[in-house]
Amino acid sequence: MSRTLFLLLPALVLQAPAPAIPGAVEVRPGLFVSRGVPGDEACAAIKKQRITHVIDLRRDGEPDLNCELEASRLQELGVQYLRYAVGKIPPVGDFDFLRTFLVDLPKGSKVLIHCSNGNRAAALVCPWLVLDKGMPIEEAMRIAKAAGLQAPETEEAVRRYIWSKRRV
């Protein structure tokens, strides 16, 4: 029996589970970061996962920006949509806003945060993981990078923000 299990082990390791929401990473239970706008398949998963809030961080002028359509589509699913435009190098106020938003959510809320490629969404979640959830910074950065944090200047803004808040 152990020999059979040993032979099956490589096949078991290679079969990673599909994400609960296509194109998204669950950074903490009930908090997802998505690379891009939720499409049809993601919207079906949002409904199935009982997501309560979607935060769109895209700015005016970004490709395929249609907030009215996204808001309407999500409202049909019973999901609250919030657009909060964030630049590539988020200022302190943007980090503060998202941390406060996440802390103040009613118990049981589930959130999906997205931008065009996951960079800003993952960046804004990282300080919350460290400062509000007590996660070590390097673990939070690893998770953020897996969720889409890729621009060095965005990562530097995250580290600066965390460092400044830890000193207070």
Side-chain angles (χ1 to χ4, degrees), residues 11-90 94-95 97-99 101-103 105-106 108-130 132-133 135 137-159 161:
L12 294 173
V13 171
L14 293 175
Q15 295 178 352
I21 299 174
V25 173
E26 190 170 15
V27 298
R28 288 275 298 194
L31 179 62
F32 297 84
V33 170
S34 179
R35 298 173 187 229
V37 181
D40 293 338
E41 191 178 353
C43 283
I46 285 169
K47 182 177 181 175
K48 183 178 180 182
Q49 291 296 318
R50 295 188 173 115
I51 299 296
T52 57
H53 299 78
V54 169
I55 303 172
D56 178 356
L57 302 177
R58 294 172 300 154
R59 297 173 60 168
D60 289 342
E62 290 192 38
D64 301 322
L65 181 68
N66 188 339
C67 302
E68 294 80 17
L69 178 62
E70 183 176 354
S72 173
R73 186 178 209 187
L74 291 167
Q75 287 171 352
E76 288 174 8
L77 299 174
V79 177
Q80 292 184 27
Y81 171 83
L82 170 70
R83 179 167 176 238
Y84 185 81
V86 173
K88 191 174 188 178
I89 304 173
D94 290 349
F95 290 114
F97 169 79
L98 189 69
R99 285 182 58 212
F101 181 87
L102 292 174
V103 167
L105 281 171
S109 296
K110 291 185 173 185
V111 181
L112 179 126
I113 302 170
H114 77 84
C115 58
S116 59
N117 63 6
N119 183 63
R120 292 165 288 175
L124 262 66
V125 167
C126 196
W128 176 79
L129 292 171
V130 173
D132 300 302
K133 294 299 177 183
M135 186 178 285
I137 189 167
E138 291 312 316
E139 182 181 351
M141 292 304 274
R142 181 186 55 75
I143 290 169
K145 287 179 181 180
L149 178 62
Q150 58 202 353
E153 58 271 34
T154 309
E155 180 179 342
E156 179 59 31
V158 171
R159 290 183 182 278
Y161 177 82

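Judged as a side-chain hydrogen bond (donor to acceptor under 3.5 Å, both in side chains), not a single pair has a partner in residues 21-36 (not counting sequence neighbours). Sorted by first then second residue, the ring pair (Phe, Tyr, Trp, His ring centres under 6.0 Å) pairs that include residues 37-66, not counting sequence neighbours, are His53-Phe101. Screening residues 116-128 for salt bridge (charged side-chain N to carboxylate O under 4.0 Å, His left out), with sequence neighbours left out, gives Glu62-Arg120. Among residue pairs with one or both ends in residues 44-53, none qualify as salt bridge (charged side-chain N to carboxylate O under 4.0 Å, His left out); sequence neighbours excluded.
Residues Ala45 and Pro22 share a closest heavy-atom pair of CB-CD, 3.7 Å. Closest non-hydrogen pair, Ala123 versus Phe95, comes out as O-CE2, 3.5 Å. Of all non-hydrogen atoms in Ile46 and Pro38, the two that sit nearest each other are CD1-CB, 3.9 Å. For the residue pair Ala151 and Asn119, the shortest heavy atom distance occurs at N-OD1, 3.0 Å.
Arg99 pairs by the side-chain hydrogen bond (donor to acceptor under 3.5 Å, both in side chains) definition with Asp132, Tyr161, not counting sequence neighbours. A search for side-chain contact (heavy atoms from CB on, under 4.5 Å) contacts involving Ser72 returns Glu76, not counting sequence neighbours. Remark: Ala121 engages Val33, Leu57, Ile113, Cys115 in a side-chain contact (heavy atoms from CB on, under 4.5 Å) (not counting sequence neighbours). Residues passing the ring-ring contact (aromatic ring centres under 6.0 Å, His included) test with Tyr81: none are found, sequence neighbours excluded. Here Val25 pairs with Val27, Ala147 under the side-chain contact (heavy atoms from CB on, under 4.5 Å) rule; sequence neighbours left out. In this view, Ala140 and Cys126, Leu129, Val130, Met135 satisfy the side-chain contact (heavy atoms from CB on, under 4.5 Å) rule, not counting sequence neighbours. With sequence neighbours left out, Glu138 forms a salt bridge (charged side-chain N to carboxylate O under 4.0 Å, His left out) with Arg159.
The CD atom of Gln80 lies 9.0 Å from the CD atom of Gln75; values are rounded to the nearest 0.5 Å. Residue Leu124 holds its CG atom at 10.5 Å from CG of Leu149, rounded to the nearest 0.5 Å. In this structure, CD in Glu68 is found 10.5 Å from CD in Glu70, a value given to the nearest 0.5 Å. To the nearest 0.5 angstrom, Leu112 atom CG is 6.0 Å from Ile51 atom CD1.
For Asn66, the CG atom is densely surrounded, since the number of other residues' heavy atoms within 6.0 Å is greater than 12. In Glu139, the CD atom is crowded: over 12 heavy atoms of neighbouring residues, nucleotides or ligands sit closer than 6.0 Å.
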Practice problem: Assess whether side-chain contact (heavy atoms from CB on, under 4.5 Å) is satisfied between His114 and Asp56, documenting all intermediate values. | Solution: CA-CA 5 Å; His114 77 84; Asp56 178 356; 3.4 Å; yes
Quiz item: Under the side-chain contact (heavy atoms from CB on, under 4.5 Å) criterion, do Ile55 and Leu98 qualify, and how do the steps go?
Solution: CA-CA 9 Å; Ile55 303 172; Leu98 189 69; 3.7 Å; yes
Side-chain donor-acceptor distances from residues 82-89 under 3.5 Å, at least two apart:
from: Arg83; atom 1: NE; to: Arg58; atom 2: O; distance (Å): 3.1
from: Arg83; atom 1: NH1; to: Asp60; atom 2: OD1; distance (Å): 3.2
from: Arg83; atom 1: NH2; to: Arg58; atom 2: O; distance (Å): 3.2
from: Arg83; atom 1: NH2; to: Asp60; atom 2: OD1; distance (Å): 2.8
from: Tyr84; atom 1: OH; to: Asp94; atom 2: OD1; distance (Å): 2.8
from: Lys88; atom 1: NZ; to: Glu153; atom 2: OE2; distance (Å): 3.0

